[in-house]
Amino acid sequence: MQGSEHSDVLVMGGGPTGTALATALARRGLHVRVVAPHPPTPFPATYGAWLDDLPGWAHGCAAQVWTDVRVYTGPQPTPLHRPYALLDNAALLDTLLGRADAGLEWTVGTVLRTEDAGTERIIHGVNGERWTAGLVVDASGHGGTLTPTAYPDGPAFQTAWGLTARFDRPPIAPGSMSWMDYRTDGTADTPPTFLYAMHLGGDRYFVEETSLIAQPGVNRALLEARLHARLEAAGTPPREILSTEWVAFPMNGAAPAPAADLSFGAAAGLVHPISGFQVATSLNVAETLADAIHGAILAGTDPVKAGWAVLWPDSRRAAREVHLLGVRALLGLPADALPEFFRAFFQLPPAQWQAFLDPATPAGPLARIMLRLFAQAPGGVRGPLARAALAQPGASVKALQAAWRGAPQVQNR
Ligand SMILES: Cc1cc2nc3c(=O)[nH]c(=O)nc-3n(C[C@H](O)[C@H](O)[C@H](O)COP(=O)(O)OP(=O)(O)OC[C@H]3O[C@@H](n4cnc5c(N)ncnc54)[C@H](O)[C@@H]3O)c2cc1C
C-alpha cells in the first residue's frame, strides 16, 4: 500500500526491532513508514530468550518454554533455574502488527542514504525512490547502514550451524534445553564450540554447534562437521533433517557515536557482546524509545537526540567498555580454558551471572562481578584473563574505576 511520501518517522528494516519500534510509534498516533526489502514476513532466525527478559505481552509469543535448562562444563549438568523461551516468530510478527494502529505503512524497498533538508530528512532508495520524514531510524541489522558500527579491535563473530531434525534417540534429555554444552570427546577442542539444543516435542530437536565468539569467526563447514561428529559420537545422529540454520554476526561493536539519524537494534550496537542476545532487549526498549521520540516530536525538540539518550546514556557506554574488556579476555583464553571459565561463571550467585548478561546493568556492578569471577576462577583461567586486562590498560582502568565508584551492588536473589 502506498500513501503520502512523507511520514513522521521512517524506519529502515522489518526485523524484530524495526517492526517493534514502528508499531510502538504508530500506536502513539504517529505516521510511520517501514521500508524493508520484503513485505511483513516472520523473522527467519531461531530466536531464544530468557522468559523473564521478555516483556509481558511477548510471553504469549513463546512457541515453547523450558524450565529444565542446563549448562555442561563437565560431565554433570549445572541447572540454571531460569525459564528459557523459544519465540514463535509468526506469532511475534502478528502480535506486533496487531498492536499498531492505522498509522503504519509498509513499503518494499531498500534505503541507500539519507540527506538533510532543514526541517526534514530526505531518504533515497536504491531504485531511485525518494521519501521524506521528520526522523529516520536505521534498524537494518548488524553493522548498520547509515551509521556503521565501529569495531575498535576488529569484528569478532558469533557463528553457529544448526538443524531441526527428527531423532531415533534423543540427543539431549527429553523435555530439556541445553543452553551451553561444552562436553567433547577430546578430539576436537580447538576452536572451542558448544552445543545449544532444545527438545521441541516428540522426536523433534533443534541442535546447534555454536562458537560463542571468535576472531576470525569459526567457519560453517567446521561447525557443520563438528555437529555431526558430536551427534555420531553420542550415538544420536539425526534421522530426518527438517531445516538448517547458519548464524553469523559480529559481537564486539563499540557504543555508537550519536549521528544525524537514529539507529536501533543490532544496527545500534545493542547486541550483547558476551551472549549475542538482543531481541528481548529491543522488544523492551522499543516502548521507552517510542515514548521519547513521541514526546520530543510533541514538544518540538530533537527526537534524534532524545532517542540516542535512551539507547546510549553515559552509564550504558561505560558498561559497554566493561563488556568489551570481557570480550578481550574471552578471546585471549586458550580453548581448553573456556569450559572452566563458564564453570566459574555459572558458580556465581544467579543474580550476578544474570546481571552480567543483562544489558541494563551499570558498569560498576559489572566490573565488580568480573573481579569476583576473576577471584574465584582457577589458575589456568586467571592468567589469560589478567593478560587480556593488562593488554588494554585504558579500558581496564576505566572499568576498575567504575567498580569502585560506589554504584549500587547487585543483590543476590
Ligand atoms: C540466525 C541468527 C540467530 C540469532 N538468534 C538469536 C537469539 O536466539 N536471541 C537473540 O536475542 N538474538 C539472536 N540473534 C542476534 C540478533 O538479535 C538478531 O540478529 C536480530 O535479528 C537482530 O534484529 P534486528 O531487527 O536489529 O535486525 P535484523 O533481524 O537483521 O533485521 C534487519 C532488517 O533490515 C532490513 N534491511 C537491511 N538493509 C536494509 C536497507 N538498506 N534498507 C531497508 N531495510 C534494510 C532487513 O531486510 C531486515 O528486515 C541471532 C542472529 C542470527 C543471525
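Both ligands and their constituent atoms are indexed starting at 1 by order of listing. Bear in mind the structure is a predicted one, so any value in this text is a computation, not a measurement.
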Evaluate [X] for polar contact with ligand 1, using N/O atom pairs at a separation under 3.5 Å.
X: Gln278; value: yes
X: Ala280; value: no
X: Tyr196; value: no
X: Gly48; value: yes
X: Tyr84; value: no
X: Val111; value: yes
X: Gly265; value: no
X: Ala248; value: no

Inset, instruction - May I ask you to check whether Phe277 and His272 place their ring centres under 6.0 Å from each other? - result: no
Inset, instruction - Compute the ring centroids of Phe346 and Trp353, then answer whether they are less than 6.0 Å apart. - result: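 Yes; Trp353 has its ring centre under 6.0 Å from that of Phe346.
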Heavy-atom nearest neighbour in the protein, as seen from [atom], with distance rounded to 0.1 Å:
atom: atom 25 (O) of ligand 1; value: Thr17 OG1, 2.7 Å
atom: atom 19 (O) of ligand 1; value: His142 NE2, 2.6 Å
atom: atom 37 (C) of ligand 1; value: Ser140 O, 3.4 Å
atom: atom 27 (O) of ligand 1; value: Gly141 CA, 3.4 Å
atom: atom 3 (C) of ligand 1; value: Ala45 CB, 3.6 Å
atom: atom 49 (O) of ligand 1; value: His38 NE2, 2.7 Å
atom: atom 14 (N) of ligand 1; value: Phe249 CE2, 3.9 Å
atom: atom 20 (C) of ligand 1; value: Tyr47 OH, 3.4 Å

Any ion pair linking [Y] and [X] (charged N to carboxylate O, less than 4.0 Å)?
X: Arg28; Y: Glu287; result: yes
X: Arg70; Y: Asp181; result: no
X: Arg226; Y: Glu224; result: no

Run the contact test for [X] against ligand 1 with a 4.0 Å cut-off on heavy atoms, strictly below, and give the result.
X: Phe43; value: no
X: Pro37; value: yes
X: Thr110; value: yes
X: Gln158; value: no

Inset, instruction - Answer yes or no on whether Arg239 is positioned over the face of Phe167, meaning its NZ or CZ is under 6.0 Å from the six-membered ring centre and within 45° of the axis. - result: no
Below 4.0 angstrom from a heavy atom of [X], which ligand 1 atoms are there? Numbered from 1 as shown, please.
X: Val35; answer: 43 (C), 44 (N)
X: Gly15; answer: 25 (O), 29 (O), 31 (O), 33 (C), 48 (C), 49 (O)
X: Gly276; answer: 12 (N), 15 (C)
X: Pro16; answer: 23 (O), 25 (O), 29 (O)
X: Val279; answer: 10 (C), 11 (O), 12 (N), 17 (O)

Once you measure the plane-to-plane angle for [X] and [Y], does it fall in the parallel (<30°), tilted (30-60°) or perpendicular (>60°) bin?
X: Tyr84; Y: Trp50; result: perpendicular
X: Phe356; Y: Phe345; result: perpendicular
X: Tyr47; Y: Phe43; result: tilted

Using a 4.0 Å heavy-atom cut-off, which part of [X] comes near ligand 1: side chain, backbone, both, or neither?
X: Ala139; value: backbone
X: Thr19; value: neither
X: Thr46; value: backbone

Legend entry - Pairs flagged by salt bridge (charged side-chain N to carboxylate O under 4.0 Å, His left out) wherever residues 295-311 is involved - sequence neighbours left out: none
Legend entry - salt bridge (charged side-chain N to carboxylate O under 4.0 Å, His left out): pairs with one or both residues in residues 120-136, sequence neighbours excluded: Asp116-Arg121, Arg121-Asp261
Legend entry - Option of least heavy-atom distance to atom 1 (C) of ligand 1 (set: Val247, Ile123, Leu112, Val11): Val247
Inset, instruction - Please determine which of Glu209, Glu208, Arg230 meets the side-chain hydrogen bond (donor to acceptor under 3.5 Å, both in side chains) test together with Thr193. - result: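 Single side-chain hydrogen bond (donor to acceptor under 3.5 Å, both in side chains) partner of Thr193 among Glu209, Glu208, Arg230: Glu209.
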Legend entry - Test side-chain hydrogen bond (donor to acceptor under 3.5 Å, both in side chains) applied to Arg33 and Thr132, Asp8, Thr107, the passing residue: Thr107
